[in-house]
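Reading through the C-alpha cells given below for one structure.
Order of the sequence lines sets the chain letters (A, B, ...), proteins ahead of strands, with each chain counted from 1.
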Amino acid sequence: MGRELYLYNTLTRSKELFEPVEPPYVGMYVCGPTVYSDSHLGHARPAITYDILYRYLMHLGYKVRYVRNITDVGHLENEADDSGEDRITKKARQENIEPMEVVQRYMNSFHRSMDLLNTLQPSIEPRATGHIVEQQEMISTIIEEGFAYEENGSVYFDVEKYNRSYPYGILSGRVLDEMKANSRVLEGQDEKHSPFDFALWKKASQAHIMKWSSPWSNGFPGWHLECSVMSTKYLGDVFDIHGGGMDLIFPHHECEIAQSTAANGKPSVRYWVHNNMITINGQKMARSLGNFITLDQLFSGNHPLLERAYSPMTIRFFILQAQYRGTVDFSNEALLSASLGLQKLMTAVKTLNSLKGSERSSIDISAIKEKCYEAMSDDLNTPVVLAHLFDGVRMINLVNDGRETLSEADLDDLKELFRTFVFDILGLKEEESSGNDLLSGVVEMVLNMRQEAKARKDWATSDRIRDELLKLGVNVKDRKDGFDWEIKH
RNA sequence: GGUCGGUUGGCCGAGUGGCUAGGCAUCGGUCUGCAAAACCGGGUACGGCGGUUCGAAUCCGCCACCGACCUCCA
C-alpha cells in the first residue's frame, strides 16, 4: 500500500483519497446482472471496470473481498402493473422451462463470457434467492424502526418519513419536495402512501411462480433489498466500495442507502463508484431498449451491426481505451482500431521477451513506470496508462531494430513493467490463434523454402508464397537475417 | 419539466491556464529485390458568442446541440 489511490466518489462528486475502514482489508460490492438472457456488451463495462479496480487494489497490497451478486429473483417488468409477469418467469414460459433453469442457464453463460474477458472471479457471488430469510429480517428491522408499513400483504418503504430523519436523495442529488412538485401521479399504485415509496416485499399473485412465505404474505422481496442485505452480510455494516452502472444511481442505490440507513442508523457505503454506459449510435445500449449486442455475438461476429468478429481481448482493450466514467460509443471502426492497437501492444510484448541486453542503455525508460502508476491512481485512468505503455512499445521496437540499446537491468525493468501493467493490472492476455505446433511447423517449413527461393533471387516464387500465406491469414515480415510471421486477427 | 453529465482533429479517446497525450486511419521518408513490420516526419482539433488573463481546449457567463436518470436496466 505504498501508493495512494484516488477514486471518484459519486456521493461527494469529487475524487477522494481512498482509505479503507480497516486496512489492509477492503470490502467491495458490485451490482451484478439479472440473469434472464444472454449478457451483452453493456455488462462487460462494469465487469471490466471493477475487475481493474479489484486487480489494482490487490496489486497495491490490499486484501480485497469482492462481492458481486446475481439477481435471480424475478422482479416485475412494470411495477405499476401488479398483473405483470416478472422477467424470469416470462422467459421460463417462453422457453417452457423452470424459472431456476432460466437462472442457471444465463448465469452459466454470464460466467463463460466473464472468463473469456479474463475478469477475475469475485470472492463471493451471492444470489438473491439464497438470502430470502435475511431479506425478511431486514424488512422486519425497518418496520420496527418505523420506516416501513404493510399494506395488503406488501411492505413499502416510507420515503417521506425517512426523509424527515435522514436526507433522502444524497447520492443522486434529488430533493424529495422537488420530485413531488415535478412528477405526475401514476395510476395503479394505490397501496403506496406516496408514489416515491418502494416495495420491500411484494405480495405475489396466484400466477406468480417465484414466491416465498413471509409474515406478510406469500410473495417476493423488492429489488433494492437484496443488495443492502448481501453487501452488509458479507462486508459488514460499514464497508468501503460499492460499484455499479450509472443508471443504478437512482432509484436503486438511493434506495439501498435509505434501507441500510433506516435499518442500521447509518449509511453502509463509504465510496460509491459508478461506471458510465456503452452507447450505440449515441444511445445507451441496454437489454431493455432492444439495441444491444450480446457478448457471444461480438465474439462470433453474428449480428447485423457487426462487420466481423471481435475477440474478448479486443473488447477488453476497447473498454480500457476509455476512462470508466465516460461513455464509450460502439462502432465497427472503433473496435477494429482497438483490435489493431491491441495486436501492436501484444506483438511488442513478445518482441520484448526476445530482446538482448547491451552494455549500457541509450534511452531512459525509468519515467514510464511512475507515469503508469500515476494514471492508475488517478481514478483508474486506463487510457493514459495505455498511452504510456505505447511509449514503451516504441522503445521496444527501436531496440529491436538496433537503433537504441538497453542494459540488462533496464531490460528486466521493462519486462517487469509490462508484465505488471499489461497482464496483472489491465488483465490483458495473449490470444493465441497460432498456437499449435503443427501449424507453426508447417508455416516455418514453407517460409524456409521461401528463403531458399529468395537466395536464388526467385522473386516470383518467394512473392507467391508470401501472398498465398497472407490469404490464409499469415502475415510474413522479413528480417535482415530471416523472417517473422504472425496470424492476422 | 426537474436533476446530472457531455460537445476535442477522418474515427476513438486523454488533457483543467503557457510545455508532443495515445491508438486507428491518412500522407511523405528510411529500411526492403518488392512488400509487410518497424522507425522518423507532416497535415487536419478543441460546439457558438462574449468575458477574465500577459496568455484559455482548460476559468466565468449566455446560447445551441447531444445524452443519462426521473419506470426495469450494467
Side-chain angles (χ1 to χ4, degrees), chain A residues 10 13 30-34 39-47 49-50 71 75-81 84 86-87 169 172-175 178-179 181-184 186 196 223 243-252 254 274-279 282-289 292 317-318 321-323 325-342 344-345 347-348 351 371 375 381-391 393-394 396-398 400-404 454 457-459 462-463 466-467 470 475-480 483-486 488:
Chain A
T10 308
R13 309 212 174 258
V30 175
C31 287
T34 303
S39 37
H40 58 77
L41 182 53
H43 290 104
R45 189 89 197 267
T49 297
Y50 301 109
T71 298
H75 295 292
L76 296 179
E77 290 200 296
N78 183 351
E79 212 183 290
D81 179 8
D86 74 75
R87 298 171 185 287
S172 56
R174 277 156 224 260
V175 177
E178 288 176 5
M179 286 169 67
N182 287 317
S183 72
R184 57 201 186 284
L186 296 169
F196 304 106
W223 174 44
M246 272 184 183
D247 51 346
L248 297 179
I249 292 174
F250 192 92
H252 186 53
E254 200 68 77
H274 291 97
N275 62 277
N276 214 320
M277 304 289 104
I278 286 180
T279 58
Q283 202 188 25
K284 184 175 84 164
M285 180 182 296
R287 215 152 41 179
S288 57
L289 295 178
F292 64 93
F317 187 84
F318 171 65
Q321 272 187 307
Q323 205 268 351
R325 283 190 295 114
T327 54
V328 184
D329 198 51
F330 161 87
S331 71
N332 279 284
E333 201 179 353
L335 277 171
L336 183 62
S337 156
S339 125
L340 294 171
L342 174 65
K344 181 173 178 176
L345 178 66
T347 301
T351 304
K371 285 179 177 172
N381 200 334
T382 53
V384 169
V385 172
L386 285 169
H388 296 314
L389 288 174
F390 273 103
D391 282 343
V393 166
R394 187 162 33 78
I396 290 167
N397 288 325
L398 282 166
N400 190 45
D401 283 359
R403 296 162 197 260
E404 304 284 358
K454 282 177 68 181
K457 296 197 190 303
D458 180 0
W459 308 126
S462 121
D463 288 355
R466 187 175 64 199
D467 294 346
L470 187 60
N475 197 24
V476 179
K477 300 184 278 193
D478 284 348
R479 296 180 60 88
K480 277 197 172 63
F483 52 81
D484 283 334
W485 63 276
E486 67 187 4
K488 281 181 83 80

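Residue A/S462 is the one, among A/S462 and A/N475, whose nearest nucleotide of RNA chain B lies closer to the 5' end (criterion: closest heavy atom). Both A/I278 and A/F390 lie close to RNA chain B; mapped to their nearest nucleotides by heavy-atom distance, the more 5′-ward contact belongs to A/F390.
Figure legend. B/C34 is base-paired to no nucleotide; pairs are counted as Watson-Crick or G-U wobble with both atom distances under 3.5 Å. With a cut-off of 3.5 Å on both pairing distances, the Watson-Crick or G-U wobble partner of B/C62 is B/G48. Across all strands shown, nothing is found opposite B/G55 as a Watson-Crick or G-U wobble partner with both distances under 3.5 Å. The partner of B/A68 is B/U3, by the rule that a Watson-Crick or G-U pair needs both atom distances under 3.5 Å. Summarising the base pairing, B/C39 is matched to B/G29 through a Watson-Crick or G-U wobble pair whose two defining distances lie under 3.5 Å. In this structure, B/G17 forms no base pair with any nucleotide, since neither Watson-Crick nor G-U wobble geometry is met with both distances under 3.5 Å.
Contact annotation: A/N276 side-chain N/O to B/G67 OP1/OP2 distance is not under 4.0 Å. The phosphate of B/C24 (OP1 or OP2) has a side-chain N or O of A/K344 nearer than 4.0 angstrom.
The two residues A/V384 and A/A375 make their nearest non-hydrogen contact at CG1-CB, 3.5 Å. Considering all non-hydrogen atoms of both residues, A/G326 and A/N276 come closest at O-CB, 3.2 Å. Pairing each heavy atom of A/Q323 with each of A/R45, the nearest pair is O-NH2, 3.0 Å. Closest approach of A/D329 to A/G282, counting heavy atoms only: OD1-N, 3.0 Å. Across all their heavy atoms, A/L386 and A/F317 have their closest contact at CD2-CE1, 3.8 Å.
Straight-line distance from the CD atom of A/E333 to the C1' atom of B/G13: 13 Å, rounded to whole Å. A straight line from CD of A/Q323 to C1' of B/G5 spans 13 Å, rounded to a whole angstrom. A/K480 has its NZ atom 14 Å from the P atom of B/U30, to the nearest Å. The nearest whole Å value for the distance from the CG atom in A/D391 to the C1' atom in B/A21 is 8 Å. One interatomic measurement links the two molecules: CG of A/D247 to C1' of B/A68, which rounds to 9 Å at whole-angstrom precision. Rounded to whole angstrom, the span from the CG atom of A/L336 across to the P atom of B/A25 amounts to 8 Å. If you measure from atom CD of A/Q321 to atom P of B/C11, you get 16 Å, rounded to the nearest angstrom. Protein atom NZ of A/K371 is 12 Å distant from nucleotide atom C1' of B/C19, rounded to whole Å.
Looking at A/D391 and A/K371, no side-chain N of the basic residue comes within less than 4.0 Å of a carboxylate O on the acidic one, giving no salt bridge.
A distance-only check finds no donor-acceptor pair linking the side chain of A/Q321 to the backbone of A/A338 [under 3.5 Å]. Side-chain atoms of A/H388 never come within 3.5 Å of backbone atoms of A/V385 as a donor-acceptor pair (strictly under, hydrogens ignored).
Using atom P as the reference point in both B/G9 and B/G5, the two lie 23 Å apart (nearest Å). Here, B/A57 and B/G13 have their C1' atoms 15 Å apart, quoted to the whole Å. Nucleotides B/C40 and B/G23 are separated by 10 Å at their P atoms, to the nearest Å. Here the separation of B/C62 from B/C27, taken at their P atoms, is 46 Å to the nearest Å. For the P atom pair drawn from B/G17 and B/G50, the interatomic distance equals 25 Å after rounding to whole Å.
Of the candidates B/C39, B/C69, B/G15, B/C39 carries the atom nearest the A/D401 side chain, counting heavy atoms from C-beta on. In this structure, of B/A21, B/G33, B/G23, it is B/A21 that holds the atom nearest to the side chain of A/A387. If you check B/G2, B/C40, B/G33 against the side chain of A/L398, the one that comes closest is B/C40. You'll find that the side chain of A/R394 is closest to B/C40, out of B/A38, B/A14, B/C40. For A/N397, whose side chain is taken as the heavy atoms from C-beta onward, the closest listed nucleotide among B/G13, B/C34, B/C39 is B/C39. For A/P383, taking side-chain heavy atoms from C-beta onward, the closest of the listed nucleotides B/C24, B/G13, B/C72 is B/G13. Out of B/C4, B/G67, B/C72, the shortest distance to the side chain of A/R87 is found at B/C72. Of the listed nucleotides (B/A68, B/C39, B/C34), B/C34 has the atom at the smallest distance from the side chain of A/D478. Listed candidates were B/G22, B/A14, B/C70. Nearest to the side chain of A/R174 is B/C70. Side-chain proximity of A/K454 to B/C69, B/A37, B/G33: nearest is B/G33.
Taking a centre distance below 5.5 Å and an interplanar angle below 30 degrees as the stacking criterion, A/W459 stacks against the six-membered base ring of B/G33.
Note on A/D329: only backbone sugar-phosphate atoms sit closer than 4.0 angstrom, heavy atoms only; bases stay farther off. Within 4.0 Å of A/H252, counting heavy atoms only, lies no atom of the nucleic acid at all. The residue A/M277 sits close to a base: some heavy atom pair falls under 4.0 Å. Counting any heavy atom pair closer than 4.0 Å across all strands shown, A/L248 reaches sugar-phosphate atoms only and no base atom. Nucleic acid contact class of A/T347 (heavy atoms, under 4.0 Å, all strands): none. Using a 4.0 Å heavy-atom distance criterion, A/V30 is classed as making no nucleic acid contact. Within 4.0 Å (heavy atoms only), A/A286 reaches at least one base atom of the nucleic acid. As judged by a 4.0 angstrom heavy-atom cut-off over every strand, A/D463 is placed among the base-contacting residues. Here A/G282 lies in heavy-atom contact (under 4.0 Å) with sugar-phosphate atoms only.
Using a 4.5 Å cut-off on side-chain heavy atoms (C-beta onward), A/T71 and A/R87 make no contact.
Between the side chain of A/R403 and the base of B/C31, no donor-acceptor pair under 3.5 Å is found.
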